[in-house]
Chemist: 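Submitted below is the structure of interest, expressed as structure tokens.
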Amino acid sequence: MGAPRPDDARGVFGISVAAELAGLGAQTLRLYEARGLLEPARTEGGTRRYSVNDLDRLRRISDLLAAGLNLAGIRMVLDLQDENSELRAGDPPTRQSAQAPQPRRRSRRPEQG
DNA sequence: ATTCTGACA
DNA sequence: TGTCAGTA
């Protein structure tokens with residue numbers, strides 16, 4: 001299945017190239033981040049670095065938008081998908097709870113694009 | 001960060 | 001008219 005390549009999690013693209021590859025505007029990427037749909041890595045200087053996974057996530061966002069969901073709904077879907085992925089990673093033979101104590105992220109982050 | 005516009009209900 | 005996404 002989908003192997004957890006560290007490369008795919010590594011932020012490599014600047015915001016403008018990520019936007020280009022995603023077929024979106026750079027501002028849109030910032031908006032998505034402000035809405036909690038995305039959290040790209042940062043360089044030491046604080047500039048965004050988008051990973052392949054981030055690109056993949058942007059694609060999913062576009063698909064969900066086209067499906068008629070709003071950003072709040074998309075955030076929920078994305079969170080659940082991530083949560084599900086994590087469950088597959090460990091997969092303990094015994095499942096007692098489907099509740100993952102996910103740290104609710106709602107941190108407003110001022111940034112330098 | 002804020003404002004403005006276009007789409008939609 | 002109000003909300004929402006995307007933009008300037």
Side-chain angles (χ1 to χ4, degrees):
Chain A
M1 275 259 181
R5 300 290 137 99
D7 316 11
D8 291 357
R10 213 60 93 189
V12 289
F13 309 107
I15 189 169
S16 43
V17 359
E20 183 70 39
L21 292 175
L24 300 169
Q27 299 180 104
T28 303
L29 301 198
R30 292 198 193 217
L31 175 64
Y32 290 169
E33 182 177 355
R35 297 295 229 135
L37 305 191
L38 203 59
E39 186 141 344
R42 302 279 182 152
T43 65
E44 293 187 31
T47 90
R48 281 168 244 256
R49 276 294 181 276
Y50 290 83
S51 68
V52 173
N53 286 342
D54 291 329
L55 246 23
D56 199 65
R57 175 170 288 228
L58 286 171
R59 215 167 214 30
R60 277 183 281 155
I61 293 173
S62 295
D63 288 347
L64 266 0
L65 277 172
L69 297 192
N70 63 17
L71 296 185
I74 292 174
R75 185 174 75 76
M76 294 178 180
V77 171
L78 260 26
D79 283 351
L80 289 173
Q81 287 181 344
D82 287 353
E83 191 175 315
N84 186 279
S85 295
E86 287 181 25
L87 289 178
R88 294 201 172 197
D91 234 276
T94 163
R95 92 294 299 142
Q96 186 57 41
S97 66
Q99 305 163 344
Q102 194 181 28
R104 180 91 356 214
R105 78 167 106 89
R106 209 61 188 114
S107 38
R108 209 97 292 176
R109 191 114 310 208
E111 43 71 22
Q112 306 296 332

Chemist: Check every nucleotide of DNA chain C for an atom under 4.0 Å from a heavy-atom of chain A, then give the first and the last such nucleotide from 5' to 3'.
Modeler: dA5(C) to dA8(C)
Chemist: When both hydrogen-bonding distances must be under 3.5 Å and the geometry is Watson-Crick or G-U wobble, what is dA1(B) paired with, if anything?
Modeler: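 Across any shown strand, dA1(B) pairs with none.
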Chemist: Could you walk me through whether Asp79(A) and Arg75(A) satisfy the salt bridge (Lys or Arg N to Asp or Glu O under 4.0 Å) test, starting with their C-alpha distance in whole Å, then the side-chain angles of each, then the deciding distance to 0.1 Å, before giving a yes or no?
Modeler: CA-CA 6 Å; Asp79(A) 283 351; Arg75(A) 185 174 75 76; 3.3 Å; yes
Chemist: For residues Ala22(A) and Leu58(A), report the shortest heavy-atom separation together with the two atoms involved.
Modeler: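 Taking every non-hydrogen atom into account, CB-CD1, 3.9 Å.
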Chemist: Do the non-hydrogen side-chain atoms of Leu78(A) and Leu64(A) ever get within less than 4.5 Å of each other?
Modeler: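 Leu78(A) reaches Leu64(A) side chain to side chain.
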Chemist: With a 3.5 Å distance limit and no angle check, can you tell me whether Asp56(A) reaches the backbone of Asn53(A) through a side-chain donor-acceptor pair?
Modeler: no
Chemist: Rounding to an integer number of Å, can you tell me how far Arg35(A) CZ sits from dA1(B) C1'?
Modeler: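 From Arg35(A) CZ to dA1(B) C1': 14 Å.
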Chemist: Would you say the side chain of Asp54(A) lies within less than 4.5 Å of the side chain of Phe13(A), judging by non-hydrogen atoms?
Modeler: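 No - every pair of side-chain heavy atoms lies 4.5 Å or more apart.
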Chemist: Can you find a pair of side-chain heavy atoms, one from Val17(A) and one from Tyr50(A), that are under 4.5 Å apart?
Modeler: no
Chemist: Rounded off to whole Å, could you give me the CD-to-C1' distance for the Gln27(A) and dT3(B) pair?
Modeler: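 Spelled out: CD on Gln27(A) to C1' on dT3(B) is 12 Å.
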Chemist: Taking DNA chain C as the partner, which of residues 63-71 of chain A come within under 4.0 angstrom of it by heavy atom?
Modeler: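 Here the set is Leu65(A), Asn70(A), Leu71(A).
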Chemist: Quick one: CZ on Arg59(A) to CG on Leu24(A), what's the gap to the nearest 0.5 Å?
Modeler: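 Taking CZ in Arg59(A) and CG in Leu24(A), the distance rounds to 9.5 Å.
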Chemist: Side chain of Ser85(A), backbone of Gln81(A): donor and acceptor closer than 3.5 Å?
Modeler: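 Judged by distance alone, yes, a pair lies under 3.5 Å.
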